[in-house]
Undergrad: 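One structure, as structure tokens, below. Some questions next.
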Amino acid sequence: MPHRCRTSRHRFASGRRLALQGLVALALSPRGLANAQPVALAATPAQPEGPFYPKTFPADRDADLTQVAGRAGTAQGTLLYFSGRVLGRDGRPMAGTVVELWQCDTYGRYHHAGDDGAPRDDNFQGYGAATTDAQGRYAFKTIRPVPYAGRPPHLHVRLLPPGGSPLTTQIYVAGDAAGSDVVLSASPRGTLSRLTMTLVPAAGRERGALAGTFDFVV
Ligand SMILES: [Fe+2]
């Protein structure tokens with residue numbers, strides 16, 4: 001009897017091990033991968049476009065906002081390398097997405113006809129665009145955003161994924177006071193934490209330059 005019990009336990013254990021091995025094999029097989037549930041990432045929250053999306057675009061609209069073609073000077077402010085990825089909600093990179101970036105200059109002025117209240121840094125491009133590569137990566141060279149008119153420092157971003165819906169949002173900086181902001185106050189609870197990037201020294205770049213990474217999900 002004890003022998004039969006051991007045998008049945010052994011059979012059960014062997015069967016369970018085989019079942020687990022089968023599940024592992026299925027998960028690793030092409031059929032298992034095909035049947036795998038896609039990763040459902042939460043979409044990046046949208047934010048208002050604001051009044052200063054360009055009405056006319058600068059002749060130089062590349063991904064380096066710190067230098068304007070034809071001008072010898074460079075933008076004032078703290079350099080910021082802003083980069084990251086654009087992913088679909090299934091986690092796949094969104095290659096070919098146009099990422100537009102616009103922000104005010106170091107004086108808090110947008111290069112827009114509707115914003116003429118402050119000195120202007122003509123060496124700041126104000127607007128630029130980049131297209132994501134096969135891994136969904138984008139990269140900009142710009143300046144650390146500054147506060148203006150009661151708003152915390154932020155970057156305006158618009159994403160145009162191929163075949164998808166555009167996303168317009170704003171990216172904030174960790175540690176900058178943003179709690180009483182008029183835009184964020186009108187946003188769903190928890191929005192700020194999902195639109196915040198942490199700035200760190202940019203390794204191997206200019207002295208004092210910062211780096212901020214943000215991955216978008218569209
Ligand atoms: Fe703004």
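Atoms within each ligand, like the ligands themselves, are counted from 1 in listed order.
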Undergrad: Do any of the N/O/S atoms of Gln170, backbone or side chain, fall under 2.8 Å from the Fe ion (ligand 1)?
TA: no
Undergrad: Does the cation-pi check pass for Arg158 over Tyr53, that is, NZ or CZ under 6.0 Å from the six-membered ring centre and within 45° of its axis?
TA: yes
Undergrad: Between Gln125 and Tyr127, does any side-chain donor sit less than 3.5 Å from a side-chain acceptor?
TA: no
Undergrad: Within less than 2.8 Å of the Fe ion (ligand 1), any N, O or S from Tyr148?
TA: yes
Undergrad: For the metal site, I want the angle between atom OH of Tyr110 and atom NE2 of His154 with the Fe ion (ligand 1) at the apex, to 10°.
TA: 110°
Undergrad: Gln76 and side chain to side chain contact (heavy atoms under 4.5 Å, CB included): which partner among Asp121, Ile143, Thr66, Asp105?
TA: Asp121
Undergrad: When you measure from the Fe ion (ligand 1) to the N, O or S atoms of Cys104, does any of those distances fall below 2.8 Å?
TA: no
Undergrad: Search all heavy atoms of Tyr110 against all heavy atoms of Gln103 and return the closest pair with its distance.
TA: CE2-C, 3.5 Å
